[in-house]
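Reading through the structure tokens given below for one structure.
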Amino acid sequence: MSRSMLALRRVGVSFGGVQVLDHVDLDVGEGEIRGIIGPNGAGKTTLLNVICGIHPPDIGQVVLDGDLVTGLKPSKIARRGIGRTFQTSQLFKGMSVLENLMCGLHRRTVTGLVGAGLGLPSCREEEERTEEAARLALEFVGMSQFADRPGHQLSFGQQRVVEIARTLISEPKVVLLDEPAVGLSLNRLSEFDLLLRRIRDDKGVTLLLIEHVIRLVMDVCDEVTVLNSGRIIADGKPDVVRNDPSVVEAYLGKELRARHSAS
Ligand SMILES: Nc1ncnc2c1ncn2[C@@H]1O[C@H](COP(=O)(O)OP(=O)(O)OP(=O)(O)O)[C@@H](O)[C@H]1O
């Protein structure tokens, strides 16, 4: 593995006495695309919430690029270099796609939204830089033609891509993607696969991807981690994980058994 970019050490979380994450250890190398799969309720989203600080772990540690970030506020963890998308669209209604992206950066600029809104001369230069960064991010994900379109008018799949662009303008080290391929057609899926690779290769971003679209996970991920009932039951190259008996049983079993009996 390359240098460790993100590590979880014996992370535990319980909700109302139910252990949702149980001594989870994870090492993600710099520039890796890591898939996290598992049945519904396995703890995948909770894992992302722990990493980005939305839900601090009861026990254990989160280490980002060598620094302990456990217990920091989500905004601080974001500043340390972790971006995140969610299962549902988080675009602001009534704002254009470009404005949505600029919001992502305003939160980090010196003058912020208020100064920009007042149009203070000192803010104009920063405003121009913010707009330029937003346009470049849109261009990177191939959505420049939608810059002035209200965000909520885009298809669900397009909104997810805009959200990824919004994470990129902050130049993160790691981006966490929660089911980003929901709503994408098969054609779009191969474009999306390429986009993820470009984010890694051109921007050097490490990606952690929760996904139920197994084809995408097996194609694009360097490594795959399988969670079941809050525990890691397998971890490794997609081909190895795909054939691991415990994974077949816990997660892929139903699907594969159905395919075998059909063939
Ligand atoms: N805030 C919460 N309070 C109580 N229980 C929760 C909370 N968040 C999650 N859970 C429970 O923790 C378990 C794991 O949920 P989580 O959303 O992490 O699973 P998941 O693997 O992401 O599932 P899915 O694939 O359906 O999104 C579930 O049983 C869920 O009901």
Side-chain angles (χ1 to χ4, degrees), residues 6-28 33-62 64 69-75 77-78 82-90 156-157 159-161 163-164 167 174-184 189 192 196 206-221 223-236 238 241-242 244 246-256 258:
L6 179 69
L8 302 194
R9 300 277 174 252
R10 298 182 73 73
V11 160
V13 172
S14 62
F15 291 123
V18 178
Q19 199 73 31
V20 172
L21 292 177
D22 192 3
H23 292 95
V24 170
D25 283 311
L26 188 71
D27 268 298
V28 184
I33 302 180
R34 171 68 62 102
I36 307 282
I37 64 172
N40 293 118
K44 304 180 297 294
T45 297
T46 305
L47 187 77
L48 294 202
N49 288 343
V50 163
I51 296 169
C52 70
I54 291 176
H55 193 103
D58 302 330
I59 55 162
Q61 297 180 332
V62 181
L64 171 67
V69 295
T70 333
L72 294 183
K73 285 185 181 159
S75 56
I77 293 183
I82 293 194
R84 162 91 195 259
T85 68
F86 294 83
Q87 279 180 17
T88 52
S89 173
Q90 304 286 313
F156 188 65
Q159 289 186 36
R160 308 307 304 277
V161 173
E163 285 168 349
I164 293 174
T167 67
V174 178
V175 171
L176 315 174
L177 302 169
D178 199 344
E179 297 191 34
V182 169
L184 292 183
L189 214 52
F192 191 67
L196 296 182
T206 302
L207 293 171
L208 202 67
L209 169 80
I210 294 180
E211 194 46 78
H212 286 291
V213 181
I214 294 299
R215 188 183 123 182
L216 177 69
V217 173
M218 294 301 171
D219 283 352
V220 79
C221 293
E223 302 274 331
V224 177
T225 298
V226 187
L227 266 183
N228 192 25
S229 303
R231 289 180 179 214
I232 292 181
I233 58 166
D235 205 17
V241 165
R242 195 203 312 258
D244 185 308
S246 59
V247 177
V248 173
E249 191 50 42
Y251 184 61
L252 299 170
K254 251 202 235 112
E255 195 187 325
L256 289 185

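Whatever order the structure lists them in is the order used to number ligands and atoms, beginning at 1.
The immediate protein surroundings of ligand 1, defined as residues with any heavy atom under 4.0 Å of it, consist of F15, V20, P39, N40, G41, A42, G43, K44, T45, T46, Q87, E179, H212.
A heavy-atom distance below 4.5 Å is found between the side chains of L209 and V220.
The heavy-atom pair separating V11 from Q61 by the smallest distance is CG2-O, 3.5 Å.
Judged as a side-chain hydrogen bond (donor to acceptor under 3.5 Å, both in side chains), and not counting sequence neighbours, T46 has no contacts. With sequence neighbours left out, the side chain to side chain contact (heavy atoms under 4.5 Å, CB included) criterion links N49 to T45, I54, H55, R84. Applying the side chain to side chain contact (heavy atoms under 4.5 Å, CB included) criterion to I77, with sequence neighbours excluded, gives V69, L72, I82.
The CD atom of E179 sits 6.5 Å away from atom NZ of K44, with the distance rounded to the nearest 0.5 Å.
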